[in-house]
J.: 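If you scroll down you'll find the structure; I have some questions about it.
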Amino acid sequence: MAENIIKVKSFAFALRIVNLYKYLCKEKKEFVISKQLLRSGTAVGALVREAEQAESKLDFIHKLAIAQKEANESDYWLELLFQSDYLDKSQFQSLKNDIVEINKILASIIITTKQKIGKQ
């Protein structure tokens, strides 16, 4: 059975966000923005997992669309943390690359699933 790339990548991203949250709280004493990022960054993977048990193709698309929104929100919080000097450029760029990749994969899955529905 093939590896579920979005499941793996969204979980790895969530883990990175949890570790970033711990770092920001302990080292930078930043609690508000990092908590927002913790919520949205971990929600992406949770929604991907939830989509695995979708009741229909439309439900599957809906859950992944919400995951995409959470990914976009995470991107916002990362940008804000970077622009406010809580993240250095290398920390930011690495996380930014991950969330951009996750967003592209989610978009591709949503588009492909919609196309399959249209052919039925």
Side-chain angles (χ1 to χ4, degrees):
M1 187 172 200
E3 180 178 62
N4 184 332
I5 194 74
I6 190 61
K7 187 176 174 181
V8 170
K9 288 188 178 287
S10 61
F11 184 82
F13 181 75
L15 193 54
R16 289 190 72 193
I17 293 301
V18 168
N19 288 325
L20 177 60
Y21 174 75
K22 291 190 287 189
Y23 163 78
L24 288 170
C25 289
K26 185 177 181 183
E27 302 296 325
K28 301 287 189 167
K29 305 297 184 219
E30 198 300 307
F31 304 101
V32 178
I33 301 168
S34 57
K35 185 70 156 197
Q36 293 292 111
L37 177 60
L38 179 66
R39 287 184 180 128
S40 63
T42 56
V44 177
L47 285 157
V48 166
R49 292 281 181 100
E50 196 175 328
E52 286 183 312
Q53 302 301 316
E55 296 174 13
S56 66
K57 293 276 190 207
L58 289 176
D59 187 38
F60 177 78
I61 291 167
H62 178 71
K63 285 176 176 32
L64 289 186
I66 296 170
Q68 200 173 29
K69 289 178 183 181
E70 295 292 340
N72 283 329
E73 182 180 339
S74 298
D75 189 23
Y76 171 81
W77 296 124
L78 287 168
E79 180 75 33
L80 190 59
L81 285 164
F82 174 61
Q83 293 294 329
S84 58
D85 295 322
Y86 284 107
L87 295 178
D88 65 33
K89 188 171 184 145
S90 67
Q91 290 171 314
F92 168 71
Q93 200 57 58
S94 177
L95 289 159
K96 174 79 172 177
N97 291 344
D98 284 355
I99 202 60
V100 166
E101 183 180 16
I102 287 168
N103 241 335
K104 286 179 181 178
I105 295 167
L106 287 169
S108 178
I109 294 168
I110 291 168
I111 289 166
T112 302
T113 306
K114 284 180 178 179
Q115 288 172 344
K116 286 180 182 178
I117 290 172
K119 291 180 181 177
Q120 292 177 351

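One is the number of the first residue; the rest follow in order along the sequence.
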J.: Check for a donor-acceptor pair, side chain of Ser74 on one end and backbone N or O of Glu70 on the other, with a separation under 3.5 Å.
T.: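 Yes.
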J.: Can you confirm whether Phe92 sits close enough to Leu78 that some side-chain heavy atom of one is under 4.5 Å from a side-chain heavy atom of the other?
T.: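 Sidechains of Leu78 and Phe92: in contact.
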J.: Atom CG of Leu37 and atom NZ of Lys35: how far apart are they, to the nearest 0.5 Å?
T.: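 Interatomic distance, Leu37 CG to Lys35 NZ, rounded to 0.5 Å: 12.0 Å.
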J.: If you take all heavy atoms of Ser40 and Trp77, which pair is closest and at what distance?
T.: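 Looking at all heavy atoms of both residues, the closest pair is OG-CD1, 3.6 Å.
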J.: Evaluate the side-chain proximity of Phe82 to Lys96: yes if any heavy-atom separation is below 4.5 Å, no if none is.
T.: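 No, side chains not in contact.
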J.: Do the side chain of Lys28 and the main chain of Cys25 share a donor and acceptor less than 3.5 angstrom apart?
T.: no
J.: With rounding to the nearest 0.5 Å, note down the distance linking CZ in Arg16 to CD1 in Ile99.
T.: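 Answer for the CZ-CD1 pair, Arg16 versus Ile99, is 10.5 Å.
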J.: Looking at every non-hydrogen atom in both residues, tell me the closest pair between Leu95 and Ile17 and how far apart they are.
T.: CD2-CD1, 4.3 Å
J.: Any chance you could measure Asp98, atom CG, to Asn103, atom CG, to the nearest 0.5 Å?
T.: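 Output value for this atom pair is 12.0 Å.
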J.: Side-chain heavy atoms under 4.5 angstrom apart, residues restricted to Ile, Leu, Val, Met, Phe, Trp, Tyr: same cluster for Leu80 and Tyr23?
T.: yes
J.: Quick check: does any side chain N or O of Ser94 sit under 3.5 Å from a backbone N or O of Gln91, one acting as donor and the other as acceptor?
T.: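 Pair absent, no side-chain N/O of Ser94 close to backbone of Gln91.
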J.: Using side-chain heavy atoms (C-beta onward) and a distance below 4.5 Å, is Leu64 in contact with Thr113?
T.: no
J.: How far apart are the C-alpha atoms of Arg49 and Phe11, what are their side-chain angles, what is the distance that settles it, and do they pass the side-chain contact (heavy atoms from CB on, under 4.5 Å) test?
T.: CA-CA 9 Å; Arg49 292 281 181 100; Phe11 184 82; 4.1 Å; yes
J.: For atom CD of Glu27, is the number of surrounding heavy atoms from other residues, nucleotides or ligands below 6.0 Å larger than 12?
T.: yes
J.: Measure the CD-CD1 distance between Glu101 and Ile5 for me, rounded to the nearest 0.5 Å.
T.: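 Answer for the CD-CD1 pair, Glu101 versus Ile5, is 7.0 Å.
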J.: Please name the pair of heavy atoms, one in Leu47 and one in Lys63, separated by the smallest distance, quoted to 0.1 Å.
T.: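 That would be CB-O, 3.9 Å.
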J.: Check whether any side-chain heavy atom of Val48 sits under 4.5 Å from a side-chain heavy atom of Glu52, and report yes or no.
T.: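 No, side chains not in contact.
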J.: Shortest non-hydrogen contact from Phe60 to Ala51?
T.: CD1-O, 3.3 Å
J.: Under a single-linkage definition using a 4.5 Å side-chain heavy-atom cutoff for Ile, Leu, Val, Met, Phe, Trp and Tyr, are Ile33 and Tyr21 assigned to the same hydrophobic cluster?
T.: yes
J.: Return yes if a side-chain donor-acceptor contact under 3.5 Å exists between Asn72 and Gln68, otherwise no.
T.: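 No donor-acceptor contact under 3.5 Å links the two side chains.
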J.: Check whether any side-chain heavy atom of Glu73 lies under 4.5 Å from a side-chain heavy atom of Gln36, and answer yes or no.
T.: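 Side-chain contact under 4.5 Å: yes.
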J.: Enter the distance from Gln53:CD to Asp59:CG here, rounded to the nearest 0.5 Å.
T.: 10.5 Å
J.: For the CD1 atom of Ile111 and the CD1 atom of Ile61, what is their distance to the nearest 0.5 Å?
T.: 10.5 Å
J.: Does Glu30 reach the side chain of Leu81, with side-chain heavy atoms less than 4.5 Å apart?
T.: yes
J.: Are any of the side-chain heavy atoms of Ile109 and Ile6 separated by less than 4.5 Å?
T.: yes
J.: Does Leu58 share a hydrophobic cluster with Leu106, counting links as ILVMFWY side-chain heavy atoms below 4.5 Å and allowing steps through other members?
T.: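 Same cluster: Leu58 reaches Leu106 through Ile, Leu, Val, Met, Phe, Trp or Tyr contacts under 4.5 Å.
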J.: Which heavy atom in Val44 sits nearest to a heavy atom in Ala71, and how many Å separate them?
T.: CG2-N, 3.6 Å
J.: For a quick test of reading the model, state the closest non-hydrogen atom pair linking Ser10 to Ile102 and the distance between them.
T.: CA-CD1, 4.1 Å
J.: Less than 4.5 Å apart, side chain to side chain, heavy atoms only: is that true for Val18 and Leu38?
T.: yes
